[in-house]
Asker: 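Structure incoming, see below.
Hydrogens, waters and symmetry mates are skipped; everything else that's a heavy atom, side chains included, is used.
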Amino acid sequence: MTFANHVFFYLSKILWWFAAPSNVLTALVLVGAVLLFTRWSRGGRRLVVAGALGLAVCGLSPLGLWLATPLESRFPIPGPDLAAPIGIIVLGGSMDPLTTAARGQPTMGSAPGRITEAVALARRFPAARLVFTGGSAAVFRGEALDEAGAAEALFRQLGIDPARLTLERDSRNTFENAVLTRALVQPRPGETWLLVTSAWHMPRSFGIFRKAGWTVIAYPTDFETRGRPGELWRPILPVSRGLDLVDRMVREWLGLLAYRLGGRSDALLPGP
C-alpha cells in the first residue's frame, strides 16, 4: 500500500475517535460538569444539558434506524435463482482476533452473519471458492493480529475444506479489501463473484469494489432494520444499543462521503 493509503488509514481512525457521537456528547457532559465548579458554571450547565439531551436522543430514539434504513434498502438479498458463483468474498469485521488468540478458540465479535451466511453459501455452491479478506485494523502494533487467521480456524471447525479457502491477510479497511483481494484472486471478465458483508456496509463496499474494476453481486447480511414502517417511530432499548447503532451509522455515512471525495468509490450512495 502507498504512503497515501497509510495516511488515510490512520487519519480515519484518529478523526473518528473524536467525531463519534457518543464520544462527543459524553465529552460535553464531562466538560460541562467540570465548569459547574468554576466561574463559567452557566456555560457548564448548558453543556451538561446539551450533552445529556443528545445522549438521550441518540440512545432512546430510532435515529440509528433512520440512518440505517437508506443503507440497508439499497441491495436486496439475491433470490433462490441465484446462479452458481465462481467465488464468495467475505469482508472482515466479524472476527475478534485478540480474544481468539488469548482464548485459543475462534471468537466472533460483531456482524456474525458475514461468517454464517458465507458458510451457508459455501455449502449451497460446493464448487465456489471461499475468500476471506481481513488483516489487522489495529492502530498499535501490539494488537496487530490478522482477522483472517481467526476466520480460517472457524471455517475449518464449521467443516469448510481448507483447499477451498483463500485468505487475504494484509487489508486494514474496505478499500484495501477490494484492491488486495482483486490482486490476489485475479478475477476474469464474466465471472460471478458474491460479495458478503453487512447490509448497512454494502453500499460503500459495493461502490469501492466497482471502482476497483471488480463486478460483484451483493449478498447483504446482519440487517439492523426489519423493513417495517412502524419500527421507525418506536424507542430503542437498551440505550446502549441505540448509541452503538447511531455511532456505527454515522461512521458509515461519513465513510461514504470520505471515500467518494477521495475517489475510492464510484458514487456517494452506490446502488446495484
Side-chain angles (χ1 to χ4, degrees), residues 1-17 87-119 122 129-158 160 162 164-187 193-198 200-202 204-214 216 219 221-222 248 251-252 255 258-259 262 264-265:
M1 289 286 106
T2 65
F3 176 74
N5 291 328
H6 289 296
V7 171
F8 185 90
F9 170 74
Y10 286 108
L11 274 180
S12 64
K13 289 287 186 180
I14 295 170
L15 292 177
W16 172 245
W17 194 91
I88 303 159
I89 310 160
V90 189
L91 297 192
S94 52
M95 300 300 300
D96 183 343
L98 293 177
T99 305
T100 296
R103 295 296 186 179
Q105 180 183 79
T107 304
M108 287 190 286
S110 60
R114 301 185 192 186
I115 296 292
T116 56
E117 286 297 327
V119 172
R129 295 172 63 181
L130 184 57
V131 182
F132 184 93
T133 169
S136 171
V139 175
F140 303 104
R141 290 185 178 181
E143 299 177 350
L145 296 173
D146 69 82
E147 193 180 347
E152 178 184 21
L154 182 56
F155 281 135
R156 292 191 179 205
Q157 286 188 7
L158 295 175
I160 300 298
R164 297 179 62 187
L165 283 174
T166 298
L167 303 173
E168 186 286 302
R169 300 175 178 270
D170 297 321
S171 58
R172 300 168 298 177
N173 54 35
T174 311
F175 172 75
E176 294 181 2
N177 286 151
V179 173
L180 296 180
T181 305
R182 189 176 190 276
L184 178 65
V185 305
Q186 299 182 352
W193 289 83
L194 298 183
L195 179 62
V196 179
T197 190
S198 304
W200 49 267
H201 186 237
M202 184 60 76
R204 181 159 60 101
S205 302
F206 196 89
I208 293 169
F209 270 75
R210 194 159 54 189
K211 182 70 174 181
W214 195 347
V216 293
Y219 201 99
T221 67
D222 297 291
R248 285 187 288 120
R251 183 177 187 178
E252 194 61 26
Y259 273 75
R264 299 184 172 197
S265 178

Asker: side-chain contact (heavy atoms from CB on, under 4.5 Å) with Arg129: which residues, sequence neighbours excluded?
Answerer: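 Partners of Arg129 under the side-chain contact (heavy atoms from CB on, under 4.5 Å) test: Thr166, Val185, Trp193.
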Asker: Report yes if some heavy atom in the side chain of Arg114 is under 4.5 Å from a heavy atom in the side chain of Asp222; otherwise report no.
Answerer: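 Counting from C-beta outward, Arg114 and Asp222 do come under 4.5 Å.
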Asker: Which distance, rounded to the nearest 0.5 Å, do you find between the CG of Asn173 and the CD1 of Ile208?
Answerer: 7.5 Å
Asker: In Å, rounded to the nearest 0.5 Å, how long is the span from CZ of Arg251 to CG of Leu15?
Answerer: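 So the gap between those two atoms works out to 11.0 Å.
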Asker: Going by the side chain to side chain donor-acceptor pair (under 3.5 Å) test, name the single residue among Glu168, Arg182, Glu147 that passes it with Thr133.
Answerer: Glu168
Asker: Is it the case that the side chain of Asn177 and the backbone of Ser171 share a donor-acceptor pair, with hydrogens and angles ignored and the cut-off at 3.5 Å?
Answerer: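 Between the backbone of Ser171 and the side chain of Asn177 there is no qualifying donor-acceptor contact (under 3.5 Å).
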Asker: With sequence neighbours left out, what residues match Ser205 under side-chain contact (heavy atoms from CB on, under 4.5 Å)?
Answerer: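 Expected list: Leu91, Thr174, Leu195, Thr197, His201.
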Asker: What's the spacing between Glu117 CD and Tyr219 OH if we round to 0.5 Å?
Answerer: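 Nearest 0.5 Å value for the CD-OH distance: 5.0 Å.
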Asker: Give a yes or no on whether the backbone of Trp200 and the side-chain of Arg248 come within a donor-acceptor separation of less than 3.5 Å.
Answerer: no
Asker: Give the minimum heavy-atom separation between Ala150 and Met95, together with the two atoms involved.
Answerer: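 That would be O-CE, 3.6 Å.
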Asker: For a quick test of reading the model, state the closest non-hydrogen atom pair linking Ser94 to Ala111 and the distance between them.
Answerer: CB-O, 3.0 Å
Asker: For Phe206, what residues pass the ring pair (Phe, Tyr, Trp, His ring centres under 6.0 Å) criterion, not counting sequence neighbours?
Answerer: Phe75
Asker: With Ala148, which residues qualify under side-chain contact (heavy atoms from CB on, under 4.5 Å), at least two apart?
Answerer: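 Phe132, Asp146, Leu167, Arg169.
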Asker: Rounded to the nearest 0.5 Å, how far does CD1 of Ile160 lie from CD of Glu152?
Answerer: 12.0 Å
Asker: In Å, rounded to the nearest 0.5 Å, how long is the span from CD1 of Ile115 to CE of Met108?
Answerer: 7.0 Å
Asker: Test of understanding: with ring pair (Phe, Tyr, Trp, His ring centres under 6.0 Å), list the residues that count as partners of Phe155, not counting sequence neighbours.
Answerer: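 In terms of ring pair (Phe, Tyr, Trp, His ring centres under 6.0 Å), with neighbours along the sequence ignored, Phe155 is linked to no residue.
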Asker: With sequence neighbours left out, what residues match Thr99 under side-chain contact (heavy atoms from CB on, under 4.5 Å)?
Answerer: Asp96, Arg103, Thr107
